[in-house]
Each structure stands twice: as C-alpha cells, then as structure tokens.
Amino acid sequence: MARVDPALAAARTAVRADLADLPPDATVLVACSGGADSLALAAVLATEARRVARSVRSRGHAVRAGAVVVDHGLVDGSARVAERAAAQCRDLGLDPVVVRRVAVAASPDGPESAARQARYAALDAVADDLGATVVLLGHTLDDQAEQVLLGLARGSGARSLAGMPARRGRYRRPFLGLRRATTEAVCAAVGVEPWHDPTNAPDGGPLRSRVRGHLLPALADVLGPGAVEALGRSAAQLRDDADLLDVLAADLLARSRVVDHDSPPPGRTSGREVVPRERDLATGRATSADGGADGGTADVVLDVEVLAAAPPALRRRALRAAATGVGCPPGTTTARHVDALDALVVAWRGQGPVHLPGDARGLRACGRLILRPSRTSARPRPAPARSTPVDQSDVSGDLADILLTEEQLGARLDEMAAQIDADYAGKDLLLVGVLKGAVMVMADLSRRLHHPVEMDWMAVSSYGSGTKSSGVVRILKDLDSDLSGRNVLIAEDIIDSGLTLSWLVQNLRSRGPASVEIATMLRKPDAAKADVDVKYVGFDIPNEFVVGYGLDYAEKYRNLPFIGTLAPHVYS
Ligand SMILES: O=P(O)(O)OC[C@H]1O[C@H](OP(=O)(O)OP(=O)(O)O)[C@H](O)[C@@H]1O
Ligand SMILES: Nc1nc2[nH]cnc2c(=O)[nH]1
C-alpha cells in the first residue's frame, strides 16, 4: 500500500478535525495567497472535499469547497500573482474560485493594518455572496510564534500574547498546530509550486519578516528546536487566562456602572472635582458641562469605589473595555491611556481629563469616573454636500461652487487644535509651514493652540502654475531651525498625490528630529500616488482642483476665506 506522506497526513488530520462539526451542505472557502501555507491548505481542503463526496457514508462535513484570492494591488504584478494562485486552486479542484481586488486606503495604523482590514472586508463580502459558513486561513505555528514575539517586544498583555485564535466567527485556522516546514512539504507532496512573496525577505522587509528570518532561527539555535512549539503553548495558556479575565472584567464593569448619574452619591462631593453633566431639560438628553451635545453615544459612568476595590488586572481590563465602549477604536487604547485612567481611580489628586483615542475623554467627578465619547469625531470629515451659491466676490465667475465655507474650516480647525494640544501636552513642538499654500492653515491653527509652539517655514513646489503635480519637488526656501531632537508638525493646506509630502517627510526625518507628523486641512484620497501617514486631516475631499484658503491657481485665489472648485473654463 502506498505510504501517505507524513506532512500530508498531518495536514489532512488537522483539516478533517476542523471541519468535523459542519453540516454536509456547508460551503467552505480557503483564503489563498498562493504562498506555501495557504496553497497547502487549498490542496488539503480539495482532497478532503473529494473524499467526503466519494464516501457513501458521507456524514458530518462540507463537500462544497472553494477559494478566495485577494489581490491587494500593492506591488507591481500583484494581479498576475493572484491569477496564478486562482488557477492553482482551480487545478486542485476547488470551485468556486473568486479573485477580489481591493483598494488599500492609507491608515494611521500603517500599511499592514490597512491591508489586513481590506483583506478581511473582501473575504467577508465573498463569504456572504457565496453563503460560506467557514473561511479557512493558512496560519501556522510559526506565524503564531512570530505573533507572540511581536507582542512581547511591544510589551503587551496576555490578550495580545495569546496570539491568533484557532477560530473566530466564520474564520478557522486548522494549521495553527503545524510548522511551516509541514506546509512546504505538503506543497511538494501534491506537486504545487508556491509563490514566494519578495516582501517577506528577511532583510529590510516588514518587522514580521525580520522576526521570521532572523529571530526565530536564533531562538531555535539558543533555546533548542522546541522554541516555536513552546511559544505556541504559552499563547494557548494565555488565551485561556485572558478569556477568564475578560469575563471577570465584564462583570466588574457591569457592577461598577452607575445608571443614573445626575446626582452625586451622598456625602461625596469635592471642590476640586469637575462639575458633572446636567440634563438638557428640553430633550432630556445629557449635555456636557461645557455646553456641548453628545456625539450620539452616551457617557459611561463608573463608581470609583467599586473599581478601586478590584484587583488591577480586572480594573485595567474593565477600563480598556469602557474606553472601547465610548468609541475608542479597538486596539488603539494603549497601556499609557489605561495607566492614566487607572490613576484617576486609584491615584486621584485632582488631575485633569485623560485624552483617549477617537477624541474620547476620561474624567473624574464626584466619586465617579466618566468616560465621555467624542462630541465631534476626530476622524477626517468627508467634505459636506455643497450648496452655497457663489456670490462672494468678483471671482465668482471663476468658481464652480464652494466646497467648504469659512465657518466649516474654522470649526474643524478648533477640533484639530484641541487634539494637537492633547497629543503634545508636555512636549516641545515646532510647527513647520509649507509655503505658500499653508499660510492660512498655519496662521489659523497656531492661534487656536494653547500649546507654546515655535514656527518655521519651508517653501517647496511641485505644481508650478498648473493643476497637476510635476512629481519633482524643489526646495525654494529651507528651514532656519535645526531639527535635532525636535517634535516637528508640518502644517499643510492639501495632500493631493502625496508626492510633495512623502518627499518632505523623508527629507525632514533625515535631519534627526524626535518626531515628524503632518496636519493638513485637505486630503484627496482618490488622488493618492504616494503613501503618506497623516496624523491630522481636516477634510477628505473629492479629486477636483480646489482653490482658496491658501490654495492658488497661477497665484490667484489664495486669499479667498473659503475653499471652492475652479470652473473648468478658467484652466482649460
Ligand atoms: O500631494 P501633492 O500632489 O504633492 O500636492 C500637495 C502640494 O501642492 C501644494 O503646493 P504647490 O506645489 O501648489 O505650491 P504652493 O503651496 O506654493 O501653492 C500644497 O501646498 C502641497 O505642498
Ligand atoms: N490650488 C491647488 N493646489 C493644489 N496642489 C495640490 N492639489 C491642489 C489643488 O487641488 N488645488
């Protein structure tokens, strides 16, 4: 009898066990990049589906097995790689096989995170379209070990060190107990040639690739060959611990929650504590002490005594969950935020509000910890619908319409300045204005900051007198300041193709600053040609040539107090 390859046998056993609970008519998809892990998974899924289909005693798991290939479009030739992977899946007998091209938007969390988000959105959409109950992912024990090491290097807690779960929702990872060498052996055994992603090269690639290429082999050298398995076991144990702690923390959060928080608890008032919110008598809705209205989500109000009596491991988890509950985007509440919230509970000395991601805040008042959602979103706004007729000046005939009024620009600058004040509290800050367009933003933004700042100017140009970037950036005037060790915030009017700013950020970073960030009034996501990480964006606008508020066409229109689009007859 022919001997089954041991790698193939192990892979089949893993997939069979993972699918055993599915009803016979379930549709299972494999997410396939064409790399060894997912290609091996595709091959084994196809074999398993055939085996079940052949079996007259077919019971228990899926026979409809397909594949999804996501083309992230991030590197040249990605469409070819995706089509090759899809063809391999079809040759293996999977059906249907769907290729989805996604647009990876710029994200403040970096390109890997943006690609991940786009990938899962595409996988979900295809799974919904095809009615698939399960999507299989090819992550292996080596991926898990890398995940744990990356978490350790970030100083993460148990939840993060627990790595990837074997199952979450419709996603399953049958190979999480197998080594990467096994998936490579499976590909060899079934005769499929995996694609080797050049961005995974151990040197110079993303951090994960360097961990894979250098750190894991070094660990195995020093600690012995079982290091990867040991990291996987730690992850599994920490997952159990984290699951239990999350349940207990949810209970603590529920117990500490104050439902009606209008009146302080008896005998607990302090002159130093912030005045609690009052109710808007007309609507019955709560309003902030400073008069603003909620952004649609309610405060989370917690009893400080209940929280303080709880063990730190539960209290810190409860605080993190409460922050997520008021709109802090998942994964953005850092240990530093939790420390500051925790200090409001256990180290109270009258300190001010804690600024949280998503423009939420935590503050203490009358024995309560109040987590307050953003009244105004910190995220860039899509430009509002335009309706204002143009009748403001003698250039009105040159303008098609007004995109953003003076009032809208001012209101958004208020929000951006508040966020910048919070983010740079206690730090030195050098504002760098990019001449000429950023003159208005620089002047109006800096005057709204409470933070002491220095200002410097640089003049660069890539547009000349046209409406398209030449792509060649020239320094017309350099900075006067030395940037060594400084926190630099570039103030800009617009990021269009991103060519100017990606060049400028690189140029300023080479001068040894502590940090370089960007605040821009406008950004055109549909025009992006270069990836630029932008921390503060006023408005995301459509891909049209705009003028006003510092922006010119052939040096005209800069002094308009609003932003409008130019009528095509002016430049055509
Ligand atoms: O994202 P990009 O496509 O590179 O475009 C953005 C650049 O274009 C504008 O400057 P411009 O070159 O028009 O000079 P100016 O500021 O003097 O008007 C703007 O101030 C940015 O610096
Ligand atoms: N005036 C103007 N300058 C730009 N520079 C880059 N994009 C634009 C734009 O839309 N308008």
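Just so it is clear, the structure is predicted and the values come from calculations on it, not from any experiment. Each ligand, and each atom within it, is numbered from 1 in the order the structure gives. Nothing fancy with the numbering, it's 1 onward along the sequence.
- Side chain of H337 to backbone of T334: a donor-acceptor contact under 3.5 angstrom is found.
- Counting the atoms of ligand 2 from 1 in the order shown, those under 4.0 Å from a heavy atom of K524 are 7 (N), 9 (C), 10 (O).
- For the pair G437 and ligand 1, the shortest N or O to N or O distance falls below 3.5 Å.
- In D496, the parts holding a heavy atom less than 4.0 Å from any atom of ligand 1 are both the side chain and the backbone.
- Atom CG of D128 sits in a crowded spot, with more than 12 heavy atoms from other residues, nucleotides or ligands closer than 6.0 Å.
- Counting the atoms of ligand 1 from 1 in the order shown, those under 4.0 Å from a heavy atom of D552 are 18 (O).
- Close approach of ligand 2 to D496 is summarised as follows: ligand atoms under 4.0 Å from at least one heavy atom of the residue are 6 (C), 7 (N), 8 (C), 10 (O).
- Of the listed options Y553, F545, Y557, Y549, F545 places a heavy atom closest to atom 9 (C) of ligand 2.
- Interface atoms of ligand 1 facing S497, defined by a heavy-atom separation under 4.0 Å, are 1 (O), 2 (P), 3 (O), 4 (O).
- Within 6.0 Å of CZ in R80 there are 12 or fewer heavy atoms belonging to other residues, nucleotides or ligands.
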Result block: side-chain N/O donor-acceptor pairs under 3.5 angstrom for residues 426-435, not counting sequence neighbours:
unit_1	atom_1	unit_2	atom_2	d
D428	OD1	N487	N	3.2
D428	OD2	R486	NE	2.8
D428	OD2	R486	NH2	2.8

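- Under a 4.0 angstrom heavy-atom cut-off, A438 registers as lying outside contact with ligand 1.
- Judged by distance alone, the side chains of N559 and Y549 never bring a donor and an acceptor atom under 3.5 Å apart.
- Below 30°, between 30° and 60°, or above 60°: for H451 and Y424 the angle between ring planes is above 60°, a perpendicular geometry.
- Under the side-chain contact (heavy atoms from CB on, under 4.5 Å) rule, H139 has a single partner from Q147, Q144, M164, E146, which is M164.
- Ligand 1 has a nitrogen or oxygen under 3.5 angstrom from a nitrogen or oxygen of G498.
- When heavy-atom distances to ligand 1 are checked against a 4.0 Å cut-off, E492 comes that close only through its side chain, counted from C-beta outward.
- By the side chain to side chain donor-acceptor pair (under 3.5 Å) test, R90 pairs with no residue at all, sequence neighbours left out.
- Near I495, meaning under 4.0 Å from any of its heavy atoms, are these atoms of ligand 1: 1 (O).
- Close contacts between ligand 2 and D552 involve ligand atoms 1 (N), 2 (C) [criterion: under 4.0 Å to a heavy atom].
- With hydrogens and angles ignored, the 3.5 Å screen pairs no side-chain donor or acceptor of D456 with any backbone N or O of L479.
- Ion pairing between R170 and D124 holds under the 4.0 Å rule for side-chain N and carboxylate O.
- Using modelled atom types, no side-chain atom of D552 and backbone atom of Y557 make a donor-acceptor pair closer than 3.5 Å.
- Residue L435 approaches ligand 1 through these ligand atoms, each under 4.0 Å from one of its heavy atoms: 16 (O), 17 (O).
- Here's the thing with V546: one of its N/O atoms is less than 3.5 angstrom from an N/O atom of ligand 2.
- For the ligand labelled ligand 1, residue R558 lies inside the 4.0 Å heavy-atom shell.
- Of all the heavy atoms of E544, the ones lying under 4.0 Å from any atom of ligand 2 belong exclusively to the backbone.
- Near I494, the atoms of ligand 1 lying under 4.0 angstrom from a non-hydrogen atom of the residue are 6 (C), 19 (C), 21 (C).
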